[in-house]
Amino acid sequence: MLEVIAFSLLNGLLYGMLLFMLSSGLTLIFGMMGVLNFAHASFYMLGAYFAYTMGLYTGFWVALFLAPVLVALLGAMVERYGLRRVHQHGHVPELLFTFGLAYVIEELVRLFWGNIPMNYRMPEALNFPLFTLFGTSYPAFRVFMLVVAVVMFVGLYLLLKKTRAGLIIQGSLSRPDIVSALGHNVPQAFMWVFAFGTGLAALGGVIGGIHFVTEPGMAFMMGPIVFVVVVLGGLGSIQGALIASILIGVLQTFALSVDWSLAALGAYFGYAVPPDHFFATLWYMDSTRLAPILPYILLVLMLIFRPRGLMGKRET
């Protein structure tokens, strides 16, 4: 049992940090610009595909740097020539634009790379067991993922809280007129924030494409869960996104690793539900079937009891 708990914690932390790598960019974009980008997971997918293609010629380490940069430049163009034109008309046109952009990116990926999953593998330099726990080896690549996610969080926190650029970006959202009067280019600041956020998503894709699978449906698989993380953590809160990511990662991993149900808990206390009871289906359902919907249950509960999220600020 101790082995199951230890590996569930490790794998849950790993999955949670990967969720943070993806959600941090979306949190940054919404927190600084007020734009809820439905195409964010599509940039995550582009990061994986760009890294796979460039890695064939340059190797993984060069692609790890170049792929997020290229996706960030693409994100800057999307904001400059697309999103900026609809931003002045309100949030609904923004949502429609990014929603349509997600489908355009997915179809372009299918057009250029096809529908077959790519043979995107970890670099040989990280393809070895880093340590052994309970007789089971733990891959070095997973620890590398954790290190990258931690560095990303520390870098984002310092950028937003300790630098002049972070103050300018935050001021551009709340009082753009004053920031502009001080001589700063507010539209350009928004463009680079959007580019930086999409670059973070692409960095998550470079690593996540190896850990999971690089195929055209990867954006659809990760997109909904990312919005759950952002809402749970609090819109615009980097710290909240980190906590929510780890919480979801650990809960889902434990639900998949530990076979439990309400029936087993009830049997411990000598209580059982008849098979023909209307509550019987949920009562006898095992945790592996509940795992995929646990984040959305948390989302509903959070919206009911604390709509601003774990660390979100109440709007006045």
Side-chain angles (χ1 to χ4, degrees), residues 14-30 35-53 67-68 70-72 74-75 78 82-83 91-92 94-120 145 149 194 197-233 235 241 244-245 248-249 251-253 255-256 288-300 303:
L14 177 70
Y15 179 52
M17 295 306 286
L18 182 61
L19 287 179
F20 171 74
M21 292 177 68
L22 182 53
S23 63
S24 59
L26 182 60
T27 301
L28 179 68
I29 291 173
F30 185 86
V35 175
L36 201 55
N37 180 19
F38 272 109
H40 192 73
S42 299
F43 292 103
Y44 159 81
M45 176 173 62
L46 285 178
Y49 273 95
F50 283 6
Y52 165 73
T53 303
L70 290 179
V71 174
L74 180 61
V78 168
L83 192 59
H91 292 301
V92 174
E94 290 175 349
L95 294 177
L96 293 176
F97 174 79
T98 56
F99 187 77
L101 180 63
Y103 278 95
V104 171
I105 293 176
E106 180 177 342
E107 292 304 317
L108 288 175
V109 166
R110 294 182 186 275
L111 178 65
F112 285 99
W113 284 280
N115 296 317
I116 303 175
M118 299 292 101
N119 187 26
Y120 186 22
M145 292 173 60
F194 191 86
T198 55
L200 292 178
L203 179 59
V206 174
I207 297 177
I210 295 175
H211 184 65
F212 294 116
V213 61
T214 301
E215 50 93 18
M218 62 188 298
F220 178 77
M221 292 176 59
M222 297 297 291
I225 194 70
V226 172
F227 282 97
V228 173
V229 170
V230 173
V231 175
L232 282 180
L235 297 175
S245 298
I248 290 176
L251 279 179
Q252 280 199 303
T253 304
L256 291 171
T288 57
R289 296 175 61 187
L290 285 173
I293 65 171
L294 281 178
Y296 304 100
I297 295 175
L298 288 176
L299 174 65
V300 172
L303 290 175

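All values derive from a computational prediction rather than experimental measurement.
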Applying ring pair (Phe, Tyr, Trp, His ring centres under 6.0 Å) as the test, list every pair that has at least one member in residues 210-232; sequence neighbours left out. Phe38-Phe227
So, do Val228 and Leu298 sit near enough that their side-chain heavy atoms are less than 4.5 Å apart? no
Mind listing the closest non-hydrogen atom pair of Ala291 and Pro295 along with its distance? O-CD, 3.6 Å
Can you find a pair of side-chain heavy atoms, one from Thr198 and one from Leu74, that are under 4.5 Å apart? no
Not counting sequence neighbours, list each pair that qualifies as a salt bridge (Lys or Arg N to Asp or Glu O under 4.0 Å) and has a residue in residues 98-119. Glu106-Arg110
Can you confirm whether Leu14 sits close enough to Leu18 that some side-chain heavy atom of one is under 4.5 Å from a side-chain heavy atom of the other? no
When you look at OH of Tyr296, are more than 12 heavy atoms from neighbouring residues, nucleotides or ligands closer to it than 6.0 Å? yes
Sub-3.5 Å donor-acceptor pair from the side chain of Ser245 to the main-chain atoms of Met17, do we have one? no
With sequence neighbours left out, write down each residue that passes side-chain contact (heavy atoms from CB on, under 4.5 Å) with Ile210, or none if nothing qualifies. Phe60, Tyr120, Met122, Pro123, Phe141
Heavy-atom side-chain proximity of Met221 to Glu215 below 4.5 angstrom: yes
Can you confirm whether Met118 sits close enough to Val213 that some side-chain heavy atom of one is under 4.5 Å from a side-chain heavy atom of the other? no
Quick one: list whatever passes ring-ring contact (aromatic ring centres under 6.0 Å, His included) with Phe43, sequence neighbours left out. none
According to ring-ring contact (aromatic ring centres under 6.0 Å, His included), who are the partners of Phe194, at least two apart in sequence or on a separate chain? none
With a 4.5 Å limit on heavy-atom distance, are the side chains of His40 and Leu22 in contact? yes
side-chain contact (heavy atoms from CB on, under 4.5 Å) against Ser24, all qualifying residues, sequence neighbours excluded: Phe20, Met152, Leu156, Leu200
Over all heavy atoms of both residues, which pair between Ile207 and Met145 is shortest? Give the atoms and the distance, please. CG2-CG, 3.0 Å
Report yes or no: do Trp113 and Thr53 form a side-chain donor-acceptor pair below 3.5 Å? yes
Would you say CG of Leu111 has more than 12 non-hydrogen atoms from neighbouring residues, nucleotides or ligands within 6.0 angstrom? yes
